[in-house]
Each structure stands twice: as structure tokens, then as C-alpha cells.
> 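Here it is: the structure, laid out below.
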Amino acid sequence: MTTSTNGKFDRTPLIAGNWKMNMDHVQGITLLQKLAWTLSDARHDYGRVEVVVFPPFTDLRSTQTLVAGDKLKVEYGAQDLSPNDSGAFTGDISGQFLAKLGCTYVLVGHSERRSVHGESDELLNEKLKAAYRHNLVPILCVGEGLEVRQAGDHVPHTLEQVRSDIAGLDAEQVSSLVIAYEPIWAIGTGEVAGPDDAQEMCAAIRAEIADLYDDTVAAKTRLLYGGSVKAANAASILGERDVDGVLVGGASLDVGEFANIVRFEQHLVTD
Ligand SMILES: O=C[C@H](O)COP(=O)(O)O
């Protein structure tokens, strides 16, 4: 599929909604149904802009039933997975189970997993490998905190995360990988990194992948921005050359707002 965003790349824009620990399965189904209706009314072309939601684990079976029953084109994924496939890992969720629930994607290394749950780059590397074992497409989240940003070390810091997390993945895996740059200081704070900041980091990540693999791989890996994305700022961020999508938290819980982010092309300024 060819992106229509800037006509330069063969990467389909991806708009992802991370519900975090919000929406029980009844609320989640209502939200998803309304989103699908809203996008259907707007004649949204899912081949042109891909739409994915990340409900809590407990919503996934209901999500699967709704998506299959109503033949929805919205995709869904999980917010985390275990590095292990089965066994005595109380509370963990196997990628095998997520695949069985029809998940396409899985988030790996969200900053809230890294900070609240202390997940290390070594663990995240194992989680990425687990995702690929079960044909799940990982969305790897990376990004710096405020102190690192203020010290001007955001680029080397984030590239080090990328290098550590993807170590040992092959070119085919990295070609399908999605990486979300989410500066921690912009998550849920209303502080959005500017389009230039998003472009700077996405360009640096793409260059790093080209160095580690090659230009062909780097041209395929999709790079997202996340952090206080709203309908009002999505188009300018998504207009940047190396930004292929957005990972949306709070605004994904508001159907109208999220649908307007999905329909960002309506707000793009064309030359
Ligand atoms: O996963 C989403 C990010 O954490 C961004 O969240 P936010 O849009 O509420 O800032």
C-alpha cells in the first residue's frame, strides 16, 4: 500500500490508540463500535490510513468478537506481552494467547512499563523476540525523560535504547517493526513535542536502522510519534517526512477526537 501523506514513501500511515488501563470490556466495546461507525460515516479508507486500538487485556476477547462479527476494519493489539510462551509466570500473558485472540500488534517497552514496572532493555529485547515468534507486529516505544532532553542528550539516549532493544533481530523483522518515539515529558502532560522534534528523532532512528541494517530496511520500518497528540496537532506532526503515524493515549478515549486524528489528511496543508 502506498502512503498518501507526502507521496515519498511506501509506508502506510498508522494511527494507534493506546487505551492504557481505561475502559472495561463493556465500555471498550461501546467505544470501538462508535469509532467504527464514525469512521464508516466518514467513508474512511483503512487501506490508506491504518487504525489500531490497544485495549486492556480483559477487553480483547470482546474486541475480537465485535471485530469479527461486524467485520470491522479497525485492528487491535495488546499493551504488553510476556517474554515467555507458557509456564509458571503468574499474571503474565503469552504472545501465543494474544495471537489466538486475533491481535495484530503488541506494544513493547511503553515508558510506563519501563518506569512503573522497571522493564530493562534486555527484557524488552526478549519481548520483541517473543512477539515475532507468534507473528505479532511489535510497536517498540522509546524516548527520553525531561532531564535527558534538557541536557541535550535525547538523540544518543534514544538511539541507544533502539540498538539495545532490537539487538539480534533480522532484517525482515526490523522491516515490519514499528517504533514509536514518545518523549516521556510529553506523555499525558499536554506538552507536545513540536513537529520538528518528532522529525529530528524519527530521522535519527531511521538513519540508525540504515546503519545497522540497510537503506531498504530503514525505508520500510514505520516510525510513530506519541505524546499529547490531539486532532489539533496531529496533521502537522504527520506531515513530517519521517513520521509515519502517531501513538495516541488520552485522546484515543474520545471517539470524535480520535476519529479526527485518523482523518488527519483532511487537515494537511498541501504545497
Ligand atoms: O501510548 C500513548 C502515549 O503514552 C501518549 O499518551 P498521551 O497521548 O495521553 O500523551
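All figures in this text were calculated on a predicted structure; none of them were measured in a lab. Heavy-atom basis, side chains included; hydrogens, waters and symmetry copies ignored.
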> Thinking salt bridges, do E119 and K127 make one under a 4.0 Å N-O criterion?
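Looking at E119 and K127, the cut-off is met.
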> Could you tell me whether the side chain of L124 reaches within less than 4.5 Å of the side chain of Q161, counting heavy atoms only?
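SC-SC contact between Q161 and L124 ruled out.
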> So how far is it from Q79 CD to D59 CG, rounded to the nearest 0.5 Å?
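That separation rounds to 8.5 Å.
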> Indicate whether the side chain of D80 and that of H117 have a donor and an acceptor atom separated by less than 3.5 Å.
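Result is no, nothing qualifies.
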> Are Y181 and I179 in one and the same hydrophobic cluster, where Ile, Leu, Val, Met, Phe, Trp and Tyr link if side-chain heavy atoms are under 4.5 Å apart?
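Yes, same cluster.
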> Return the minimal non-hydrogen interatomic distance between I209 and A218, and the atom names on each side.
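That closest heavy-atom pairing would be CG2-CA, 3.8 Å.
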> Would you kindly confirm whether L169 and V137 end up in one hydrophobic cluster when ILVMFWY residues are joined by side chain heavy atoms under 4.5 Å apart?
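No, no single cluster joins them.
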> Is a donor from one side chain sitting under 3.5 angstrom from an acceptor on the other, for E144 and W185?
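Result is yes, a qualifying pair exists.
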> Taking the side chain as everything from C-beta on, heavy atoms only, tell me whether H134 gets closer than 4.5 Å to D85.
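A side-chain contact exists here, since the closest heavy-atom pair is under 4.5 Å.
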> If the condition is side chain to side chain contact (heavy atoms under 4.5 Å, CB included), which residues does S164 pass it with, not counting sequence neighbours?
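Counting only residues at least two positions away or on another chain, S164 forms a side chain to side chain contact (heavy atoms under 4.5 Å, CB included) with D121, E160.
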> Does any part of the side chain of L177, heavy atoms only, come nearer than 4.5 Å to the side chain of P138, both counted from C-beta?
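Result yes, sub-4.5 Å side-chain heavy-atom pair found.
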> As a test of understanding, state which of L39, L72, V262 forms a side-chain contact (heavy atoms from CB on, under 4.5 Å) with Y46.
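With Y46 as partner, L39, L72, V262 yield a single side-chain contact (heavy atoms from CB on, under 4.5 Å), made by L39.
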> Do other residues, nucleotides or ligands put more than 12 heavy atoms under 6.0 Å from Q27 CD?
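More than 12 heavy atoms, drawn from other residues, nucleotides or ligands, come within 6.0 Å of this atom.
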> Taking the basic N atoms (NZ, or NE/NH1/NH2) and the acidic carboxylate oxygens, is any pair closer than 4.0 Å for K73 and D45?
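Salt bridge between K73 and D45, a charged N being under 4.0 Å from a carboxylate O: no.
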> Which ILVMFWY residues are connected to V116, directly or by a chain of links, through side-chain heavy atoms under 4.5 Å apart?
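Cluster partners of V116: none, it stands alone.
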> Check L159 against A204 and note the closest heavy-atom contact, atom names and distance.
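Shortest heavy-atom separation between L159 and A204 comes out as CD2-O, 3.7 Å.
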> Taking all atoms of both residues into account, what is the closest heavy-atom pair of A251 and V229, and its distance?
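In terms of heavy atoms, the two residues are closest at CB-O, 3.4 Å.
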> In terms of hydrophobic clusters joined by side-chain contacts under 4.5 Å, are V52 and F258 together?
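Each belongs to a different hydrophobic cluster.
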> Tell me if the NZ atom of K220 is crowded by more than 12 foreign heavy atoms within 6.0 Å.
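No, NZ of K220 has 12 or fewer neighbouring heavy atoms, counting only those of other groups under 6.0 Å.
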> Can you give me the closest heavy-atom contact between N125 and K129, atom names plus distance?
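So the minimum-distance heavy-atom pair works out to OD1-NZ, 2.9 Å.
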> Check side chain to side chain contact (heavy atoms under 4.5 Å, CB included) between A171 and all other residues, then give those that pass, not counting sequence neighbours.
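Testing A171 for side chain to side chain contact (heavy atoms under 4.5 Å, CB included), a comparison that skips the adjacent residues, returns Y213, V217.
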> Would you mind checking if E257 and K230 are paired as a salt bridge, meaning a charged N to carboxylate O distance below 4.0 Å?
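Not counted as a salt bridge, because no side-chain N and carboxylate O are separated by less than 4.0 Å.
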> If I take atom OG from residue S111 and atom CD1 from residue I184, how far apart are they, to the nearest 0.5 angstrom?
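S111 atom OG to I184 atom CD1 measures 5.0 Å (nearest 0.5 Å).
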> According to a 4.5 Å side-chain heavy-atom criterion applied to Ile, Leu, Val, Met, Phe, Trp and Tyr, with indirect links allowed, do V255 and I29 form part of one hydrophobic cluster?
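In one cluster: yes.
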> Indicate whether the side chain of E182 and that of H110 have a donor and an acceptor atom separated by less than 3.5 Å.
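Distance-only check passes for E182 and H110.
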> Nearest heavy-atom pair of S252 and L31: which atoms, and what distance?
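Scanning both residues completely, I find the closest heavy atoms to be O-CD2, 4.0 Å.
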> Quick one: are V155 and D153 in side-chain contact, heavy atoms under 4.5 Å?
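V155 vs D153: side chains apart.
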> With salt bridge (charged side-chain N to carboxylate O under 4.0 Å, His left out) as the test, pick out the partner of R206 among D215, D211, D242.
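For R206, the salt bridge (charged side-chain N to carboxylate O under 4.0 Å, His left out) test succeeds with only one of D215, D211, D242, which is D242.
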> Hey, does I139 have a side-chain heavy atom less than 4.5 Å from the side chain of L14?
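When only atoms from C-beta onward are counted, I139 and L14 do touch, with a gap below 4.5 Å.
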> Would you say the side-chain atoms of Y225 pair up with the backbone N or O of D244, donor to acceptor, closer than 3.5 Å?
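Such a contact is absent between Y225 side chain and D244 backbone.
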> Just wondering, more than 12 heavy atoms not from H157 lying within 6.0 Å of its NE2?
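More than 12 heavy atoms, drawn from other residues, nucleotides or ligands, come within 6.0 Å of this atom.
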> Applying the 4.5 Å side-chain criterion to the ILVMFWY set and letting contacts propagate, would F54 and V51 be lumped into a single cluster?
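No, F54 and V51 fall in different hydrophobic clusters.
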> Please find the pair of heavy atoms, one from G77 and one from L60, that lie closest to each other, and give the distance.
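G77 and L60 have their closest heavy atoms at O-CD2, 3.6 Å.
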> Do V53 and V74 make a side-chain contact, defined as non-hydrogen atoms from C-beta onward lying under 4.5 Å apart?
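SC-SC contact between V53 and V74 confirmed.
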> Is there a side-chain contact between R48 and T12 (heavy atoms, below 4.5 Å)?
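Side-chain contact under 4.5 Å: no.
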